[in-house]
Amino acid sequence: MAVKLILSDIDATILPTGQRQVSERTREAFHAALAAGLHVGPASGRGYAWIPGFFGGDTACCSTALATNGMQVYLDGEKVLEKTLDAGALERVRQIAAETPHAGLLTFQEDGTPLLVQGAREDLRRTFSTYAETCVEAPGLPDFPVVKANVFDGAGPAEHAALVARLNAEVPAFDVDLAMPTYSNINPHGWNKGAAVTWLRERLGLGRDEVVVFGDGDNDLPMFAVVDNSVAVAGATPEAAAAARWHIGACEDDAVADAIEVLAAGGWPFTE
């Protein structure tokens, strides 16, 4: 089978929890795929400004990438697509977060700096500690177009699930996922990793069977649905594991690097 495009989620797929960079072997596997003439890169909920750092500054590993759950698409080092969030709908999200105890809203500057536009830093610390340490408190939504925004709820998973359900019911312009138990991505309705994978695949003139995607979380489900070869790492959410066609070992054991090395060599690493 001729695979031409390989995309992988980052967190808990190629980047073990608690680590700041992927392994050297993962970088080497990406380079092996590039040397074989394949397009390879991350497909992440992270903003693009954060992504090169996860590869130790090795930008070749992310010259092709889906960032911010497909809101930004890069191909061969060029940003070829960027979507933004409707300002009026985002203000409604902020209002609902303000009405919800312990909830909040983050937006991000182009350089990746998180802006805490609603909510308390302490509640954010319970949901995403890294952003709690680096965020800048802001009095409201920024005056520039927003590409990346996240809603959180420090009260707990049940409360956050209820908040997400309300947002999806009352703000039809957006889809709000459950990427983490208390932290969610906001995307334009109908746009997600899957839509971005399809857009990039069609731009490259590839069929569904020429793409392999790796993931572990519920925000990977849309891209699992639009290709023939979706792959879940061990420890994936039950929903992601059930949706994936193929299953491999753990992120901590460089299972994705193993598979990419075989693909780069023209082999097929997956079995039923």
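The first residue in the sequence is number 1, and the count goes up from there.
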Minimal non-hydrogen separation, V117 against P142, with atom names: CG1-CD, 4.3 Å
Nearest heavy-atom neighbours spanning L7 and A43: CB-CB, 4.2 Å
From R126, R121, R125, residue fulfilling salt bridge (charged side-chain N to carboxylate O under 4.0 Å, His left out) relative to D123: R126
W268 and W246 aromatic ring geometry - parallel, tilted or perpendicular at 30°/60° bounds: perpendicular
Closest approach of P42 to C61 (non-hydrogen atoms, all atoms of both residues): CD-O, 3.6 Å
Atom of D9, atom of M223 and distance for their closest heavy-atom approach: N-CE, 4.3 Å
CA sep, side-chain torsions, deciding dist, call: N229, V213, side chain to side chain contact (heavy atoms under 4.5 Å, CB included): CA-CA 7 Å; N229 294 296; V213 299; over 6 Å; no
R94 with E91: basic N within carboxylate O range, under 4.0 Å: yes
Distance-only polar pair, side chains of D177 and N219, donor-acceptor under 3.5 Å: no
Heavy atoms of other groups near Q95 CD, more than 12 under 6.0 Å: yes
Pairwise side-chain contact, I186 with L85, heavy-atom cut-off 4.5 Å (strictly under): yes
CD1 on I51 to SG on C62, rounded to 0.5 Å: 6.5 Å
F152-F128 aromatic ring centre distance below 6.0 Å: no
Pairwise distance OH(Y131) to CH2(W50) - rounded to 0.5 angstrom: 5.0 Å
Close side-chain approach of T26 and V256, heavy atoms under 4.5 Å: no
Verdict with reasoning, L106 to L124, per side chain to side chain contact (heavy atoms under 4.5 Å, CB included): CA-CA 9 Å; L106 287 175; L124 177 58; 3.9 Å; yes
Heavy-atom closest contact (A244 atom, S230 atom, distance): CA-OG, 3.4 Å
Cluster check L221, V197: I/L/V/M/F/W/Y, side chain < 4.5 angstrom: no
In one Ile/Leu/Val/Met/Phe/Trp/Tyr side-chain cluster, 4.5 Å: V151, M180: no
Full working for side chain to side chain contact (heavy atoms under 4.5 Å, CB included) between E28 and H31: CA-CA 5 Å; E28 291 173 348; H31 276 278; 5.6 Å; no
Spacing of N69 atom CG and K83 atom NZ [to the nearest 0.5 Å]: 14.0 Å
Verdict with reasoning, F214 to I260, per side chain to side chain contact (heavy atoms under 4.5 Å, CB included): CA-CA 10 Å; F214 297 89; I260 291 176; 4.1 Å; yes
Any E82 side-chain heavy atom under 4.5 Å of V147 side chain: yes
E210 side chain near V3 side chain, heavy-atom distance below 4.5 Å: no
Atom pair CZ/CG of R46 and N185 - distance to nearest 0.5 Å: 10.5 Å
Plane angle bin for Y48 and Y74 - parallel if under 30°, tilted between 30 and 60°, otherwise perpendicular: parallel
For A196 against L66, the heavy-atom pair lying closest together: CB-CD1, 4.0 Å
Under-4.0 Å salt bridge between D220 and K193: yes
Euclidean distance, L204 CG relative to H39 NE2, rounded to 0.5 Å: 5.5 Å
Min side-chain heavy-atom separation F270-I248 under 4.5 Å: yes
Within one Ile-Leu-Val-Met-Phe-Trp-Tyr cluster: V262 and V231, side-chain cutoff 4.5 Å: no
Side-chain donor/acceptor of R201 to backbone N/O of L206, under 3.5 Å: yes
Spacing of F144 atom CZ and T84 atom OG1 [to the nearest 0.5 Å]: 11.5 Å
Joint cluster assignment, L5 & L263, ILVMFWY side-chain distance < 4.5 Å: no
Same cluster (ILVMFWY, side-chain, under 4.5 Å), W191 and L178: yes
Side chains of D258 and R25 in contact at under 4.5 Å (non-hydrogen atoms): yes
Any donor-acceptor pair under 3.5 Å from D153 side chain to A155 backbone: yes
Minimum side-chain heavy-atom gap L90-F174 below 4.5 Å: yes
Note, D86 side chain near P188 side chain (heavy atom, < 4.5 Å): no
Name of the residue among L163, V164, L167 meeting side-chain contact (heavy atoms from CB on, under 4.5 Å) with S184: V164
